[in-house]
Amino acid sequence: MRFNYCPRYGDQLLSSQGDILKKMEEWPKHYNPKEIEPRWQNKWLSREFWEKVIRFQDSDTRPVFFIDTPPPFTSGELHMGHAYWVTIADAMTRFKILQGYNVLIPQGWDTQGLPTELKVQYRLGIPKENRELFLKKCVEWTEEMIGKMKSAMMRLGYRPNWEQFEYRTYSAEYRAIIQRSLLDMFNKGMIKMRKGPVYWCPKCETAVAQSEVGYLEKQGILAYISFPLKEGGEIVIATTRPELLGATQAVAVNPEDERYKNLVGKVAIIPIFNKEVRIISDPAVDKEFGTGAVMISTYGDPQDIKWQLKYDLPVDEMIDERGRMKGTGFLDGLKVEEARKKIVEMLKQQGFLKKLEGLTHNVLSHTERSDCQSPIEFLVKDQVYISVLEFKDRLLSEMKKMTFKPSRMAYYLQEWINNMEWDWNISRQRVYGTPLPFWHCENLHLVPADPSSLPVDPTKSSPPLEKCPHCGLPLKPVTHVADVWVDSSVTVLYLAGFYNNKERFAKAFPADVRLQGTDIIRTWLFYTFFRTLMLAGDVPFKRVLVHGQVLGPDGTRMSKSKGNVVSPMDRIEEYGADAIRMTLLDAAIGDDFPFKWDTVRGKKLLLQKLWNASRLAYPFISKRKVERPEKPHVLDVWVLNEHRNFVERAISAYENQDFYVVLSMLYNYFWEIIADEYLELIKHRLFSDDQSAIYTLSRILKDIVIILHPIAPHITEEIYSKLFGDKESVLMEKLPSVSDIPSDQEAVRIGNEVKEINSAIRTKKVSMRLSMNSPVKVKLIGSLSFVEDIRKVEEDLKKTLKITQMTYEINDSSRPIIEVEPDQPMGV
RNA sequence: GGGCCCGUCGUCUAGCCUGGUUAGGACGUUGGCCUUACAAGCCAAAGGUCCUGGGUUCAAAUCCCAGCGGGCCCA
């Protein structure tokens with residue numbers, strides 16, 4: 001019944017068409033990622049697949065491609081940001097495998113640190129004092145979290161080389177490398193223990209590094225306090241931290257400030273504490289802020305530290321490790337905020353408070369830990385430092401060896417290096433961390449562990465020497481553990497085998513790509529760059545990809561308080577990992593972009609389209625070897641020209657990590673040209689077993705499937721196995737080559753003309769309210785060359801557009817005119 | 001206070017570096033249509049002061065300057 005309108009096909013063909021349609025029914029009508037995806041994930045994780053595709057062999061002759069991926073902190077949650085870089089890393093990996101590289105794709109876990117300690121301490125109720133048990137529970141917790149995150153990664157289709165390059169920063173093997181790197185730096189004279197002001201987080205009760213702090217806007221106060229002058233009169237200073245009044249060491253004014261010029265050098269008396277301090281002038285004082293007079297206390301902010309050093313001022317410690325006051329008498333034991341209120345009250349009562357205003361200002365805070373954010377204090381401590389400042393110039397010149405995508409990201413690193421003011425304090429007063437492999441004496445001389453003893457815990461082992469070689473004093477273990485960035489800044493050295501695999505190191509170092517987010521430029525990127533350069537004498541990687549942030553659906557940063565947090569796992573069953581991956585990759589590297597499930601749905605529709613096109617092709621091309629025809633049909637030549645363009649541009653987009661370009665080509669090449677135009681044009685030839693059409697369709701589909709595989713690995717494996725299946729996996733194929741397709745401008749012209757006629761006739765049918773299927777008579781009016789072109793494809797146009805009669809008229813018009821009228825209406 | 005990025009149909013964006021189509025696509029909206037894959041579809045339509053103002057130019061979404069708005073980083 002459906003084929004009644006072509007009665008000239010005999011019964012023979014009819015039944016063969018029936019067979020074809022029956023065969024098509026073998027292919028499920030709807031694409032079901034929930035069923036397909038886990039199946040392929042299991043295959044990829046099989047030992048056999050690993051051996052054939054993923055395994056990294058040092059002796060391999062293929063060129064190495066090494067991607068340094070972020071070891072995420074083991075929180076247990078795989079959030080959208082993780083899903084994002086996981087997808088980028090996986091797509092790069094698959095592309096490079098297809099391109100014939102020996103890919104080194106690791107996955108590590110940043111395991112140590114405060115958040116885990118807090119979980120174990122508070123959620124499991126294990127006391128820190130029981131060090132053995134505490135550490136054991138930390139590791140157990142870590143492993144549980146890794147398990148959760150790993151299965152989510154796998155569900156996204158991520159396939160790093162778990163077998164060879166999965167690592168945990170707490171493991172003995174990895175720790176030994178960390179400690180070894182510290183011994184090396186010590187031997188280069190870069191590591192020292194000394195007393196000095198440190199950034200201190202009172203909530204976390206540990207020192208932190210400059211890179212872990214940042215400014216947050218907070219509500220505070222500005223107190224105007226009168227300091228009487230010894231010789232009579234007063235000077236009024238403004239401060240946001242009146243609780244540090246007792247630690248005031250001087251009063252400073254700007255040398256240009258006419259108001260205070262005659263007071264410089266005089267002595268002021270600190271109210272309540274009755275201590276005498278000098279009034280000095282310094283250009284760093286802001287005349288406009290407050291009264292233009294500032295109290296220098298030890299320590300209220302980083303500027304105080306600079307002044308203390310510059311003027312060699314005495315130091316009073318008034319805040320303890322838990323953020324409570326000390327050494328003041330009447331304020332002792334109070335929290336900083338409480339002390340602030342109390343002293344303001346006292347100043348007010350005694351008449352020293354001139355004014356009190358509210359102030360929104362930037363407060364130095366522990367920003368690197370999203371669950372802390374509390375204000376930072378400065379404490380004086382014995383800490384272990386790595387020298388950084390003296391290498392600034394070298395760092396600035398060596399960083400030019402790395403290319404950045406996007407290029408502006410190099411500025412962030414450069415700015416950070418330029419503005420560094422502190423050496424790197426690597427001591428953390430915590431338990432779950434890499435022990436610093438040193439002992440020290442009373443004079444803070446460090447004695448390193450024996451390299452053969454690594455990994456070592458100095459609190460449990462005896463030092464390699466009896467006494468300090470410098471001063472003969474007894475040795476004590478350094479009880480601090482290393483900053484976690486000490487752990488993660490040797491990923492490249494560890495993976496490339498710097499310390500234990502010369503053969504691999506020679507081939508794999510420096511890594512080809514470092515992948516990471518903007519937020520860890522001054523930490524992971526900087527420290528890896530710095531440490532690798534110092535230890536191995538070269539930059540750690542050739543190229544740095546700095547991706548942006550995945551924002552919530554409302555276009556703002558995801559946060560629990562805003563309730564706009566989206567997790568990739570929320571609707572993965574419904575849309576599939578492939579569609580999620582495509583959504584994440586549809587943005588330029590470095591851009592922030594909002595994540596919306598509606599967009600994911602759109603990507604799934606694109607995959608459904610590919611699925612259906614494959615379904616159509618299935619009865620004709622499945623597992624058939626069709627030779628390239630001697631004289632291909634002109635429309636096949638046209639589409640192969642389009643195809644060549646697509647393949648070349650897609651490969652170059654992959655080379656530049658511009659995945660969104662590949663995706664946009666799927667829309668305007670695959671969907672618009674292949675699905676909407678070409679498939680319609682060749683249906684009649686497919687059904688009459690035309691070799692040229694079958695060859696062409698088979699080839700372009702296979703190429704498209706391979707090209708799309710890095711982005712949407714599951715569906716492409718499924719289609720490949722059903723249509724082609726020459727290999728067990730797409731990853732065993734090679735990237736398509738299109739060098740055999742000659743450019744043919746005539747075919748391209750005809751193809752474009754056909755598209756225009758197609759569109760014109762469809763438009764007319766719509767305006768006449770005809771179904772696409774209804775027969776029409778068409779008259780084409782155009783130039784001689786146009787008419788000659790169209791005559792070559794007349795048969796195709798007639799079959800495709802249900803044209804019963806086609807007539808031509810030649811004129812000189814530049815634009816052809818197309819007249820359409822319905823053949824007698826059907827079924828009336 | 002300094003630096004960087006972004007501002008394009010209702011929404012998300014491509015194009016900007018290297019000036020010249022009718023500013024392209026997706027989602028949404030509207031109308032029509034069961035067509036040898038696909039109604040989770042097809043065909044088509046509507047929808048844009050390219051943030052504002054100035055400048056350069058034969059020509060500006062694109063280059064330059066100023067401003068406004070949003071975001072990020074640093075001090």
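Residue numbers begin at 1 in each chain, while the letters A, B, ... track the order of the sequences. As a basis for the values below, the full set of heavy atoms in this structure was taken, side chains included, without hydrogen atoms, waters or symmetry mates. The structure displayed is predicted, hence computed values, not measured ones.
- Taking every side-chain heavy atom of L616(A) into account, U36(B) is the closest of C43(B), C38(B), U36(B).
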Could you list the donor-acceptor pairs under 3.5 angstrom formed between side-chain atoms of residues 576-584 of chain A and any protein atom two or more places apart in sequence or on another chain?
residue	atom	partner	partner atom	Å
D578(A)	OD1	H714(A)	N	3.3
D578(A)	OD1	H714(A)	ND1	2.6
D578(A)	OD2	H714(A)	N	3.3
D578(A)	OD2	I715(A)	N	2.7
R581(A)	NE	I711(A)	O	3.0
R581(A)	NH1	D90(A)	OD2	2.9
R581(A)	NH1	L156(A)	O	3.0
R581(A)	NH2	D90(A)	OD2	2.7
R581(A)	NH2	P710(A)	O	2.9
T583(A)	OG1	A579(A)	O	2.8

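- U36(B) atom C1' lies 20 Å from atom NZ of K798(A), rounded to whole Å.
- The distance between atom CG of L679(A) and atom C1' of U36(B), rounded to the nearest whole Å, is 12 Å.
- When distances are taken from the side chain of N773(A) to each of U36(B), C38(B), A40(B), the shortest belongs to U36(B).
- Among L525(A), I417(A), L395(A), the one residue that satisfies the side-chain contact (heavy atoms from CB on, under 4.5 Å) test with F530(A) is L395(A).
- Per the geometry, CH2 belonging to W422(A) stands 16 Å off P belonging to C74(B), to the nearest Å.
- When the options V544(A), V546(A), L545(A) are evaluated for a side-chain contact (heavy atoms from CB on, under 4.5 Å) with R514(A), the one that passes is V544(A).
- In terms of the side chain to side chain contact (heavy atoms under 4.5 Å, CB included) criterion, residue partners of Y199(A) (sequence neighbours excluded) are, by chain and number, V208(A), Q210(A), V213(A), L364(A), I376(A), F378(A), W422(A).
- Atom CZ in F289(A) sits roughly 17 Å away from atom P in A75(B) (whole-Å rounding).
- Between K683(A) and the phosphate of A37(B), there is a side-chain N or O to OP1/OP2 separation shorter than 4.0 Å.
- Close to U35(B), at under 4.0 Å from its OP1 or OP2, lies no side-chain N or O of K765(A).
- G41(B) and C33(B) make up a base pair, with Watson-Crick or G-U wobble contacts both under 3.5 Å.
- When heavy atoms are screened at a 4.0 angstrom cut-off, M24(A) is found touching the sugar-phosphate backbone but no base atom.
- Between A37(B), U35(B), C12(B), one nucleotide has an atom nearer to the side chain of M772(A) than all others, and that is U35(B).
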Contact list (N/O, under 3.5 angstrom) for nucleotides 8-11 of chain B vs protein:
residue	atom	partner	partner atom	Å
U11(B)	O2'	K596(A)	NZ	2.6

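- When each of C5(B), C43(B), C72(B) is scored by its nearest atom to the side-chain atoms of R557(A), the top-ranked nucleotide is C72(B).
- One atom, OH of Y411(A), and another, P of G3(B), lie 13 Å apart when rounded to the nearest Å.
- Within the nucleic acid shown, E415(A) has no heavy atom closer than 4.0 Å to any nucleic acid atom.
- Every residue meeting the ring pair (Phe, Tyr, Trp, His ring centres under 6.0 Å) condition with F595(A), not counting sequence neighbours, appears here in chain and number order: W597(A).
- Applying the side chain to side chain contact (heavy atoms under 4.5 Å, CB included) test to K596(A) and every residue at least two apart in sequence or in another chain returns P553(A), P594(A), T599(A).
- Nucleic acid contact class of T518(A) (heavy atoms, under 4.0 Å, all strands): none.
- Contact annotation for E680(A): base contact, defined as any heavy-atom pair under 4.0 Å involving a base atom.
- Here C73(B) presents its P atom at 14 Å from CG of L364(A), a figure rounded to the nearest Å.
- Atom name C1', nucleotides G47(B) and G3(B): the rounded distance is 39 Å, in whole Å.
- The separation of G41(B) from C63(B), taken at their C1' atoms, amounts to 45 Å, rounded to a whole angstrom.
- Between F620(A) and F687(A), the distance separating the two ring centers is shorter than 6.0 angstrom.
- Here the separation of C17(B) from C5(B), taken at their P atoms, is 15 Å to the nearest Å.
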Are any protein N/O atoms closer than 3.5 Å to N/O atoms in nucleotides 24-29 of chain B? If there are, list each pair with its distance.
residue	atom	partner	partner atom	Å
G28(B)	OP1	R601(A)	NH1	3.4
G28(B)	OP1	R601(A)	NH2	2.8

For this session: Just do the side chain to side chain contact (heavy atoms under 4.5 Å, CB included) check on K777(A) and I803(A) with the steps written out, would you?
Result: CA-CA 6 Å; K777(A) 295 180 185 169; I803(A) 300 168; over 6 Å; no
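- The salt bridge (Lys or Arg N to Asp or Glu O under 4.0 Å) check on D591(A) picks up nothing, with sequence neighbours excluded.
- Judged as a side chain to side chain contact (heavy atoms under 4.5 Å, CB included), and not counting sequence neighbours, the contacts of S721(A) are W40(A).
- Taking the side-chain hydrogen bond (donor to acceptor under 3.5 Å, both in side chains) definition, one finds that D592(A) meets it with nothing, sequence neighbours left out.
- Residue-environment remark: OH (Y411(A)) stays at or below the threshold of 12 foreign heavy atoms within 6.0 Å.
- With both ends at atom P, the span from U62(B) to A39(B) equals 45 Å, rounded to whole Å.
- The F593(A) side chain lies nearest to U13(B) when the options are C4(B), U13(B), G41(B).
- Regarding M558(A), its CE atom lies at a distance of 15 Å from the P atom of C72(B), rounded to whole Å.
- In the set C38(B), A44(B), A75(B), the nucleotide with an atom closest to the side chain of R762(A) is A44(B).
- K29(A) contributes no side-chain N or O that forms a donor-acceptor pair with the base of C38(B) under 3.5 Å.
- If you take atom C1' in G48(B) and the same atom in C72(B), they sit 28 Å apart, rounded to whole Å.
- Taking atom C1' in both C38(B) and C33(B), the straight-line distance is 15 Å, to the nearest Å.
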Mind listing the N/O atom pairs, protein and nucleotides 14-17 of chain B, below 3.5 Å?
residue	atom	partner	partner atom	Å
G15(B)	OP1	Y660(A)	OH	3.4

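- Remark: the separation of the C1' atoms in A61(B) and G7(B) is 11 Å, to the nearest Å.
- For D286(A), there are no salt bridge (Lys or Arg N to Asp or Glu O under 4.0 Å) partners, not counting sequence neighbours.
- Look at the P atom in both G54(B) and G25(B): the space between them is 31 Å, to the nearest Å.
- Looking at heavy-atom distances under 4.0 Å, N362(A) makes contact with a base.
- Distance OH (Y678(A)) to P (C42(B)): 19 Å, rounded to an integer number of Å.
- In this entry C4(B) has G71(B) as its Watson-Crick or G-U wobble partner, both defining distances falling under 3.5 Å.
- Partners of E642(A) under the salt bridge (Lys or Arg N to Asp or Glu O under 4.0 Å) rule, at least two apart in sequence or in another chain, do not exist in this structure.
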